[in-house]
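The chain is numbered in sequence order, starting from 1. Ligands are counted one by one from 1 in listed order, and the atoms in each one are counted from 1 as well.
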Amino acid sequence: MKYLQSGGNAMEEPIIVLELEYNQWLDLCTEKFGLQRYRTDQICQWIYQKKVFNIADMTNLSKELREDLVYKLLILPPMLVRQEISKDGTRKFLWQLRDGERIESVLLSHGNHMTACLSSQVGCPLACSFCATGQGGFVRDLSAGEIVGQFLAMEKIAGMDINNIVFMGMGEPFLNQEALFKSIRIFNDPKMRGLGARHMTISTSGIVPGIQALIKLQMPVKLSVSLHATNDELRNKLMPVNRQYPLGALVDALREYQTATGDRITIEYVMIDKVNDLVEQAYELATLLNGLSVYVNLIPYNPVEGRFKRSSAGRIKAFSAVLSEMNIEFEIRREKGSDINAACGQLRRRDGKDAKN
Ligand code: SAH
Ligand code: SF4
């Protein structure tokens with residue numbers, strides 16, 4: 001990406017600070033700008049703690065240094081296009097990126113706990129039939145800085161620290177693994193945002209090599225899997241990715257993950273009327289998950305367009321009764337933000353698929 005310079009005497013393009021991990025940042029500041037280490041940490045504090053995104057406002061740097069750096073460094077998180085606030089306090093943000101593409105993030109609050117739901121791609125190539133993002137097609141991956149920027153911009157707008165991250169917005173995080181892992185390291189670094197790895201969860205549609213890479217990452221990031229179907233025939237229809245990584249391979253990868261990390265896995269299961277909410281499918285689900293330590297989230301489907309309907313409360317209850325009987329821990333997730341289309345991809349879609357204009 002090329003960015004125009006607005007002036008100054010430097011001939012080089014400005015550096016996008018949010019793209020850098022701490023070591024890269026430190027090398028840049030010491031080797032290129034000749035800054036002392038405490039200065040590099042001060043700038044980090046301005047960005048990651050105080051959410052000040054303009055070098056000119058970093059008042060403990062000398063005026064000369066600010067004037068010099070202002071042309072060399074760009075912080076710029078994504079630009080807010082629109083914010084919607086639900087009756088239950090869920091906030092949904094539509095952002096514009098520097099190339100004009102638009103993405104969404106959601107901020108959920110549970111008492112004092114705030115969780116940011118971040119996008120990892122513009123659109124998604126996996127085309128799940130029930131998902132607004134999937135139906136809208138794929139545009140491009142996000143950079144690490146664009147992932148980090150969503151979070152910092154929400155903290156700034158909300159005026160408070162957000163304690164949890166779920167990579168559960170638009171896109172499939174494991175199809176953008178490099179930027180995803182880099183953003184996790186930036187969030188986690190004590191010199192940067194300092195958010196514990198246990199406070200981050202990756203939600204995947206079941207990309208087996210991604211799960212294996214997460215094991216190798218050796219950071220205690222949590223894993224959530226969007227299952228939504230209990231046999232390959234149905235899952236192939238709902239989630240085409242299942243043709244590449246069928247249930248058997250996926251469950252094997254989950255076992256591997258569990259053996260390596262000892263961590264419980266969250267299973268997301270969107271309840272779609274008379275498609276995946278049959279009592280016999282609840283037994284099938286319990287059998288499939290047998291031997292794994294899991295927590296199942298039953299999520300009432302958020303209708304996208306005519307094709308599917310949400311399961312009734314009665315059907316969800318009957319389904320969950322089987323899970324209880326089979327000793328599978330679960331929760332019927334209370335819907336958040338349904339009045340503002342908080343299901344992933346719905347705000348962007350309503351705005352026009354690639355609403356650049
Ligand atoms: N691609 C990743 C993460 C983004 S999708 C994944 O599939 O896990 C985040 C979650 O929202 C997934 O569990 C997805 O199945 C769910 N979802 C998508 N569309 C939905 C809808 N209309 N109603 C309810 N949940 C939906
Ligand atoms: Fe992509 Fe997840 Fe939507 Fe499927 S559910 S299309 S993987 S964002």
Any residue meeting side chain to side chain contact (heavy atoms under 4.5 Å, CB included) with Asn297, in chain and number order, not counting sequence neighbours: Thr266, Glu268, Tyr295, Ile299, Glu331, Arg333
Ionic contact status for Glu178 with Lys182, cut-off 4.0 Å: no
hydrophobic_cluster_shared for Val296 and Val279, side chain cutoff 4.5 Å: yes
Ligand-side contact atoms (ligand 2) for residue partner Gly134, heavy atom cut-off under 4.0 Å: 6 (S)
Element-labelled atoms of ligand 2 that are located less than 4.0 Å from some non-hydrogen atom of Ser205: 7 (S)
Closest approach of Ile184 to Met200 (non-hydrogen atoms, all atoms of both residues): O-CE, 3.8 Å
Atoms of ligand 1, numbered as shown, that sit under 4.0 Å from any heavy atom of Cys131: 18 (C), 19 (N)
Separation between CZ of Phe93 and OG of Ser119, rounded to the nearest 0.5 Å: 12.5 Å
Joint cluster assignment, Leu234 & Val270, ILVMFWY side-chain distance < 4.5 Å: yes
Connected via hydrophobic side-chain network under 4.5 Å: Leu107 and Ile157: yes
N/O/S from Cys124 sitting under 2.8 Å away from atom 3 (Fe) of ligand 2: no
Lys/Arg N to Asp/Glu carboxylate O, Lys222 vs Asp263, below 4.0 Å: no
Subset of ligand 1 atoms that lie under 4.0 Å from at least one heavy atom of Thr204: 6 (C), 8 (O)
Where at least one partner belongs to residues 149-203, residue pairs that pass ring-ring contact (aromatic ring centres under 6.0 Å, His included), sequence neighbours excluded: Phe151-Phe187
N, O or S from Cys128 under 2.8 Å to atom 1 (Fe) of ligand 2: no
Per-atom contacts, ligand 1 versus His228 - under 4.0 Å to a heavy atom: 13 (O), 14 (C), 15 (O)
Heavy atom of Gly171, distance to ligand 2 below 4.0 Å: yes
Selection from Val270, Ile207, Leu126 by shortest heavy-atom distance to atom 16 (C) of ligand 1: Val270
Close-contact set for ligand 1 against Val304 heavy atoms, below 4.0 Å: 22 (N)
Ligand-residue contact atoms, ligand 1 with Gly171, heavy atoms, under 4.0 Å: 1 (N), 2 (C), 3 (C), 4 (C)
Sub-3.5 Å N/O-N/O distance, Ser226 and ligand 1: yes
Val322 reachable from Ile267 in the ILVMFWY side-chain graph, under 4.5 Å edges: yes
Ligand 1 contact by Cys117, heavy-atom criterion under 4.0 angstrom: no
Backbone or side-chain N or O of Ser203 under 3.5 Å from ligand 1 N or O: yes
Atoms of ligand 1 close to Gly169 [distance to a heavy atom under 4.0 angstrom, numbered from 1]: 4 (C), 5 (S)
